[in-house]
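We number each residue from 1, following the sequence as shown. As the structure is a prediction and not an experimental result, all values here were calculated from the model.
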Amino acid sequence: MKKKQGIQNIYKLLQEKKFEEGIKKLKLLSEENNLNAQLLYSKILFSGDLTPQDFENSYFWGFSALLGGLKNSSSILKKLSKYLTEEQIREITTKLRDFLEKRAVIQDKKAIIQIAKIYENYTEPPDLINAYTWYNIAVAKGIKTAKSKRDEILNSLNEKDLLDAQSLSIKLFKKINN
């Protein structure tokens, strides 16, 4: 309920033309991994209407929202990919992964799934060891939707990679739970 109020508060601030305060609160909500705030922030950073255009940060927040399940984020990412190089997108992906790992350590379950998706779908080639690791952690944290993904990747790993992934899972799971 609180997250819904937060984004509604931002819309209210923007309607009241309190743009600076609205943008500040929008950024804070985005940093708390609120997907709707991230998508709105991405759109504002893309348009440059209320704050200067910033395509890299627009991509960062739009990509985070997409990883969190907001599929309509893909349209803004498509537009942004015309202005960003593959190298810039790789750097943004790395920054996003680091941001999400910090969120995961402070018990943000959504971030755990978002990280797994980066490794599974947005690294070249796909990093199945790390994808399995994060899906395995997600299952251990009670995220039921991660189980089929974990098991699917499990069948793609050889014995050594599986052992490495499970060791890493245990280490990261302890770090998250401390």
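- Screening residues 57-69 for side-chain hydrogen bond (donor to acceptor under 3.5 Å, both in side chains), with sequence neighbours left out, gives Gln38-Ser64, Ser42-Ser58, Asp54-Asn57, Ser64-Gln114.
- Here the shortest heavy-atom pairing between Leu84 and Phe55 reads CD1-O, 3.9 Å.
- A 4.5 Å side-chain heavy-atom check between Leu50 and Leu14 finds at least one atom pair inside the cut-off.
- Remark: Glu91 CD to Thr85 OG1 distance equals 7.5 Å, nearest 0.5 Å.
- Under the 4.5 angstrom side-chain criterion for Ile, Leu, Val, Met, Phe, Trp and Tyr, the cluster partners of Leu162 are Ile113, Leu128, Ile129, Tyr132, Tyr135, Ile143, Ile153, Leu154, Leu157.
- Between Phe46 and Tyr83, the two ring planes are tilted [angle within 30° to 60°].
- Taking Asn72 as the reference, Leu39, Leu70 meet the side-chain contact (heavy atoms from CB on, under 4.5 Å) condition, with sequence neighbours excluded.
- Heavy-atom minimum distance, Ala65 versus Leu35: CB-O, 3.7 Å.
- Enclosure of atom CD in Glu87 by more than 12 non-hydrogen atoms of other residues, nucleotides or ligands within 6.0 angstrom is indicated.
- Within the structure, every pair that satisfies the salt bridge (Lys or Arg N to Asp or Glu O under 4.0 Å) test and touches residues 162-178, not counting sequence neighbours, is listed here: Lys160-Asp164.
- Enclosure of atom CD in Glu159 is not indicated, since only 12 or fewer non-hydrogen atoms of other residues, nucleotides or ligands lie within 6.0 angstrom.
- To the nearest 0.5 Å, the span separating OH on Tyr41 from NZ on Lys27 amounts to 5.5 Å.
- Val105 and Ile170 fall into different hydrophobic clusters, where Ile, Leu, Val, Met, Phe, Trp and Tyr are joined by side-chain heavy atoms under 4.5 Å apart, directly or via other members.
- Counting only N and O atoms by type, the side chains of Tyr119 and Arg97 include a donor and acceptor under 3.5 Å apart.
- Asn155 contributes a side-chain N or O that, together with a main-chain N or O of Asp151, makes up a donor-acceptor pair within less than 3.5 Å.
- Remark: Gln107 pairs with Lys141, Ile176, Asn177 by the side-chain contact (heavy atoms from CB on, under 4.5 Å) rule, at least two apart or across chains.
- In this structure, the separation between CG on Asn136 and CG on Asn130 is 12.0 Å, given to the nearest 0.5 Å.
- Under the 4.5 Å side-chain heavy-atom criterion for grouping Ile, Leu, Val, Met, Phe, Trp and Tyr, Leu13 is not connected to Leu40 through any hydrophobic cluster.
- Separating the CG atom in Leu100 from the NZ atom in Lys117 is a distance of 11.0 Å, to the nearest 0.5 Å.
- Heavy atoms only, all atoms of each residue included: Leu77 and Phe63 are closest at CD2-N, 3.6 Å.
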### Message
Set out, in order, the CA-CA distance, both residues' side-chain angles and the distance that settles side chain to side chain contact (heavy atoms under 4.5 Å, CB included) for Tyr122 and Asp127, then state yes or no.
### Response
CA-CA 9 Å; Tyr122 298 98; Asp127 183 342; over 6 Å; no
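- By the criterion of side-chain heavy atoms lying less than 4.5 angstrom apart, applied directly or through intervening Ile, Leu, Val, Met, Phe, Trp or Tyr residues, Leu28 is not grouped with Ile10; the two fall into different hydrophobic clusters.
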### Message
Go through it in stages, so that I can follow the logic: the residues are Phe60 and Leu45, the test is side chain to side chain contact (heavy atoms under 4.5 Å, CB included), and I'd like the CA-CA distance, side-chain angles, deciding distance and then a yes or no.
### Response
CA-CA 10 Å; Phe60 180 95; Leu45 290 168; over 6 Å; no
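- Between the NZ atom in Lys12 and the NZ atom in Lys18 there is a gap of 6.5 Å [rounded to 0.5 Å].
- Smallest separation of non-hydrogen atoms from Ala111 and Arg103: CB-CB, 3.6 Å.
- In terms of hydrophobic clustering, with Ile, Leu, Val, Met, Phe, Trp and Tyr side chains grouped at heavy-atom distances under 4.5 Å, Leu163 and Leu168 are assigned to different clusters.
- Distance check, rounded to the nearest 0.5 Å: OG1 of Thr93 to CD of Glu86 gives 11.0 Å.
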### Candidate pair Leu26 and Ile44, rule side chain to side chain contact (heavy atoms under 4.5 Å, CB included), full reasoning
CA-CA 10 Å; Leu26 188 59; Ile44 290 171; 3.6 Å; yes
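- In terms of heavy atoms, Ser73 sits closest to Gly62 at CB-O, 3.4 Å.
- Linking ILVMFWY residues whenever their side-chain heavy atoms come closer than 4.5 Å, directly or via other members, leaves Val139 and Leu67 in distinct clusters.
- A salt bridge is defined here as a Lys NZ or Arg NE, NH1 or NH2 lying under 4.0 Å from an Asp or Glu carboxylate O, and Lys25 with Glu21 meets this definition.
- The salt bridge (Lys or Arg N to Asp or Glu O under 4.0 Å) contacts involving residues 66-81 comprise nothing, where partners must be two or more places apart or lie in separate chains.
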